[in-house]
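All chains are named by letter (A, B, ...) in the order of the sequence lines, taking the proteins before the strands, and each is independently numbered beginning at 1. Atoms considered below: every heavy atom in the structure, side chains included; atoms not considered: hydrogens, waters and symmetry mates.
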Number of protein chains: 2
Amino acid sequence: MRRLLVAILSAAAGAMAQSPPTPSLPLMPWPSSVKQSPGFVPITHTFFILLTGSGANDPRVKAAAQRAIARLARQTGIPIAVPVRPTFLKPAMKIIVERPDRKGPQKLGDDESYSLQISDTIQLSADGPLGALRGIETFLQLVQQNRSQPREPVNAGFSVPSVSIRDQPRFPWRGLSLDVSRHFLPPDEIKRTIDGLAAVKLNVLHWHLSDDQGFRIESKKYPRLQQYGSDGMFYTQTEVKDIVAYARERGVRIVPEFDMPGHSTSWLPAYPSLASSSGPIDILHEYGDPSGVIDPTKDATYRFLDGFIGEMAKLFPDEYFHIGGDEVSAKAWNTEPHIRDYMKAHHIANAAQLQAMFNKRVAAIVKHHGKRMAGWDEIRQEDLPRSILIQSWRGEKSLSAAARDGFPGILSAGYYLDLMQPASQHYAVDPLHGEAAALTPEQQKLILGGEAAMWEELATAENIDSRLWPRLAAIAERFWSPESVTDVDSMYERLEQTNRWLEYLGLTQRTNLELMLRRLAAPQVDIEPLRLFASILEPVKGYERHRNHYGASSEFNKLVDAIPPESDVAREFRNAVDRYLGAPAPSDADRLRKQLQQWSNNAQTIRPLLETHSLLAEDLPVADSIGAISKAGDEALRYESGGAPQDWKQRTNAALKDANAHHAAMLIAIEPAIQKLVDAVP
Amino acid sequence: MRRLLVAILSAAAGAMAQSPPTPSLPLMPWPSSVKQSPGFVPITHTFFILLTGSGANDPRVKAAAQRAIARLARQTGIPIAVPVRPTFLKPAMKIIVERPDRKGPQKLGDDESYSLQISDTIQLSADGPLGALRGIETFLQLVQQNRSQPREPVNAGFSVPSVSIRDQPRFPWRGLSLDVSRHFLPPDEIKRTIDGLAAVKLNVLHWHLSDDQGFRIESKKYPRLQQYGSDGMFYTQTEVKDIVAYARERGVRIVPEFDMPGHSTSWLPAYPSLASSSGPIDILHEYGDPSGVIDPTKDATYRFLDGFIGEMAKLFPDEYFHIGGDEVSAKAWNTEPHIRDYMKAHHIANAAQLQAMFNKRVAAIVKHHGKRMAGWDEIRQEDLPRSILIQSWRGEKSLSAAARDGFPGILSAGYYLDLMQPASQHYAVDPLHGEAAALTPEQQKLILGGEAAMWEELATAENIDSRLWPRLAAIAERFWSPESVTDVDSMYERLEQTNRWLEYLGLTQRTNLELMLRRLAAPQVDIEPLRLFASILEPVKGYERHRNHYGASSEFNKLVDAIPPESDVAREFRNAVDRYLGAPAPSDADRLRKQLQQWSNNAQTIRPLLETHSLLAEDLPVADSIGAISKAGDEALRYESGGAPQDWKQRTNAALKDANAHHAAMLIAIEPAIQKLVDAVP
């Protein structure tokens, strides 16, 4: 059987990958190969799973199968019975795991392939435990309510369609880098996130545990680190062990990051002797240029790091250990006489060379504790061993250069979720495009995948899920699915279904934003006008909002915090406008005008709410702009065959420009499409 | 201070209680005395609580204060800092607890009074720890967003209004009886429910742990009970201890119930010798008449119960132990020759007398293990000690008779949440009304309060919150607030705010129903039409739905399961119709007609969804009826000054009658108001 399965999977890998048809099965990431056939298998309350094969005893597989039953019940509302005598019954689903459990932690490159055959029965086959875990997610995504044609009733219930799927990941390293320093995320939130990662077949949680604003883990060896560096918000070692075990059970590796020597202000209140500069240092409560950088010139620094890394290396079983290494302030070193002296004495020309020396010594420590080192672009240097992994925030160019240099690497540039960009933008970024496309096949193999990154300056535990999801699922598809899977419309269609499906895991991307909207409107009960108002807004993009004065005491309870990064309504409107401008039809114009009038009316309706609610008052100029540009769009549609008043275009363009002022840190997402309508007026 | 506080509270108790003004503070239960004054205290990120007084060391108070900070942050989105040096800062809130901690479990009648003074500062004073806990809930309910008049901006943020509150409960026993036998509720759900109980100042969770359909607790002495009686769904003793501690920390007593000798089928698969009848017995998977009743004629029965009750008495620290005792099938005894023989030999005339004998022996066992016995109406008998508590499902008459007999009692009749009645109906039931009003003051004192009851035949872990909340908050007000607080409009207004507030505790009454609606409509993204359709529907009332064939494998995933027990929209429509009929105005008629047309149009819009979705197909007749009666209401408003076609009324009444057919176990909640409109046509 093992050989057969391998053969099947090789065949699948060789087969031409296909983009999903529309409307397609709600699968994300889209598998390597999907063949649908007529028919379906119903889900009933006697559903149960039979595990078989020498790998079926893997505790991960057993636990995943148990969770699958509970999740199936949750997804369908069917009370799935615990069968007392399962051997007497025909299993609804058979999971075959060929390979017996390998001891030790999950490793980069562990087999994740699987095959899922649904015809009369449901059969999931995998060579190893991880494949079974991935296949279970695919199976759960397939569960749908029975649908009928009008006047052709079917049984009320749920089923999975007949389908033949063979699947395997494109890249072995598919992760999320999650910053818990700027805003702490409680352990339950980390677990929920792990559930989400596993659901969309991501396999690495890169845990950014320290930065200038907070040191988020308990050290038993150096307890002052969390005592002075965390404001009381850190993970105990018990919690960390629990989370690591939780992740392992779901096929997710945890790679810890302790950023050094820069981004390390939070280490220094407890251990000021580690600092490059003297004088009292507090953790950074206001975001901005960090002042604290670890001193690379003292032997004591390395003794401390040896102790600390040794302790952490035992806590985190993963092969990799991330030391950050990004954005070190040269000034912090160049202005210190004792560091300048050291550099002179040791013939170190500049800060970059000094960091290179630091990296080399840290690399030896990390290796000594049995780990491979990972770090951001800046750690790359000629005389480091090629076992070191480079994570690129700088981009494909830097990543390709690393690969040419022989370093394995992963791409994060283009996947920064905190920049509030649309899913389509991240979806278009491919770790093997750009300069990487010109690499030799051998060099390309060094590009192991990528990681989305979520920095938490402007996100909190309350709205973090809405910043991660659903866009992260689109990035997961980029990392898992064949390169050819690029259809944006299909992606958005499946993303919507996937987003709903993720809610069954308890993710709060929709529910918490709704609660925030209700809080903003309270005591008003009807939040429909606010919802409509918010539905066409987006947070400003990139680092624009970061330029405001934000800190640990900032409140993220305004409208901009309560809306998703991307407006589905605006995207659909933009598509409708494009269709209309491509082939104008009066009925389409009517539909667009009706929508614009609704927004324009609502901008009036909502004024009393904005005027009386202190947290919403900043949104009044946004309402003004929405009113003005919705009216402009309506007029543009009326004037499209000519007849606009003489100065109409000038006035209208001024209103559109004004609407781009980004009041209350938001942009009006329908504005570009309205501009198109206005531009189209002769 | 202690004497002073007592004086204050006595004064408050003597003061004339007032109904809340409209619009009122979002407090529920409404306190004994509330005096508002101008001004407010802002909530800032430096908010912290100072605990003082000899009772401030009570771990319950400390934990509640810590939770209050976290909940305040959750309610406002303000990141409330952990102050490193609190003594240097002026506390935002002072909690004074006079009395030092009393050892032992929380007891019936423990002081729960408090006083909350908000002017320049926030001061909460209580004689005992429980008062502090209750006062913290009141404080948290007061937190509101700063509101301004148009063009008079205020600071963006949150505050509590200046107010002087003195408060104490009307009844000392205020509970919820929660059935976890018919559908198991996971430990987390029990904890969430305890959070909710504490939030609305209820103080008893009566845990109905066994019934015909499942035995839901681990016995270490008789492990077969849970092994054979629970389908694998039971609470471990570790979980029970955790829940008991969780409840204690929140000022909630846990009273366990093990229903005997009836409603005890689930004991018998494990221990058939306990059964009155011989032959194999399985737990009841289909709801209906139970077959298994414990045999009261054998000494072995009492030896078993002594062992079991002894074990449970240790696990549950509460003074009370509930033995159920309701609805014993006389037939189960009268048809058994050995029981008939026993009755003859012991001169026992009938089944009731046999149960009386059983109760007496069980009462001795319960007492032997240091507990007071509680039970339903049926256990009342002359020769039982007056320490026994009677819980009345039969009604005020039975409860009053018990009080006249000298038995303390609590009322549950009128508070059955599973009957899907409106909050106003429960709100109108008062434990001291009806026959109880005629009791002597001494006898009235025996009526200790009441318990809402939630039986779980038709509710699951998924929708249980929506069956409990928010109606339970209205019942909580009945048990806590002065008798004179009865204004239904004010109740509904505050209930709506309280319901939103409860969501911050993670209760799922809104979010899970929304998820269920989304599941029903999937893959359709826009659920607005389904939401509008559902907004005027209610589940059928009373036991009508129970008559269908339901069991443990039944699916509760239809529309009736995804709607709240009470339609707010229909209630508002009914009120609007009443106002209109009282003083007809054309503008009101227009508004009503617009609403009716919206429902009528939507009933058309939604047809394709209902026709193609197997779980919604049963709702097609409902859509037909909504269309027909909305049209009828619209016509009635047009014909109100005469001019209806000759057979219009006859046809219309037929349509209205047809709309009462209760398709898909739902009723169309706007129907009675439409009938009124039709009746008003001359």
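Contact of A:Gln524 with chain B is made through the backbone alone, with heavy-atom distances under 4.5 Å. Proximity to chain A is limited to the backbone of B:Thr76, based on heavy atoms less than 4.5 angstrom apart. For A:Asp568, no part lies near chain B; criterion is any non-hydrogen pair under 4.5 Å. With a threshold of 4.5 angstrom between heavy atoms, B:Gln75 approaches chain A through N, CA, C or O but not through any side-chain atom. For A:Asn512, the part lying under 4.5 angstrom from a heavy atom of chain B is the side chain only. Neither the backbone nor the side chain of A:Gln144 comes within contact range of chain B, judged by heavy atoms closer than 4.5 Å.
Your options are A:Asn463, A:Val525, A:Val154, and the one with the most heavy-atom pairs under 4.5 Å with chain B is A:Val525. Contact tally against chain A (heavy-atom pairs below 4.5 Å) for B:Thr44, B:Ile78, B:Asn155: the top residue is B:Ile78. By number of non-hydrogen pairs under 4.5 angstrom with chain A, the leading residue of B:Asn557, B:Asp561, B:Leu616 is B:Asn557. Each of B:Ala617, B:Pro26, B:Ser554, B:Ala461 has some count of heavy-atom pairs under 4.5 Å with chain A, and the biggest count is that of B:Ser554.
A:Ser614 places a side-chain N or O within donor-acceptor distance of the main-chain N or O of B:Asn146, the cut-off being under 3.5 Å. Side chain of B:Gln145 to main chain of A:Leu520: a donor-acceptor pair is present (N/O by atom type, distance under 3.5 Å, no hydrogens or angles). Looking only at distances, a side-chain donor or acceptor of B:Arg519 sits under 3.5 Å from a matching main-chain atom of A:Arg74. Within the 3.5 Å criterion, the main-chain N or O of A:Pro523 finds a donor-acceptor partner in the side chain of B:Gln497.
Between A:Glu555 and B:Pro79 there is a side-chain heavy-atom pair separated by less than 4.5 Å.
The heavy-atom pair separating A:Gly77 from B:Glu462 by the smallest distance is CA-OE1, 4.1 Å.
No more than 12 heavy atoms of other residues, nucleotides or ligands sit less than 6.0 Å from atom OH of A:Tyr228.
Atom CZ of A:Arg510 sits about 4.0 Å away from atom CZ of B:Arg518, to the nearest 0.5 Å.
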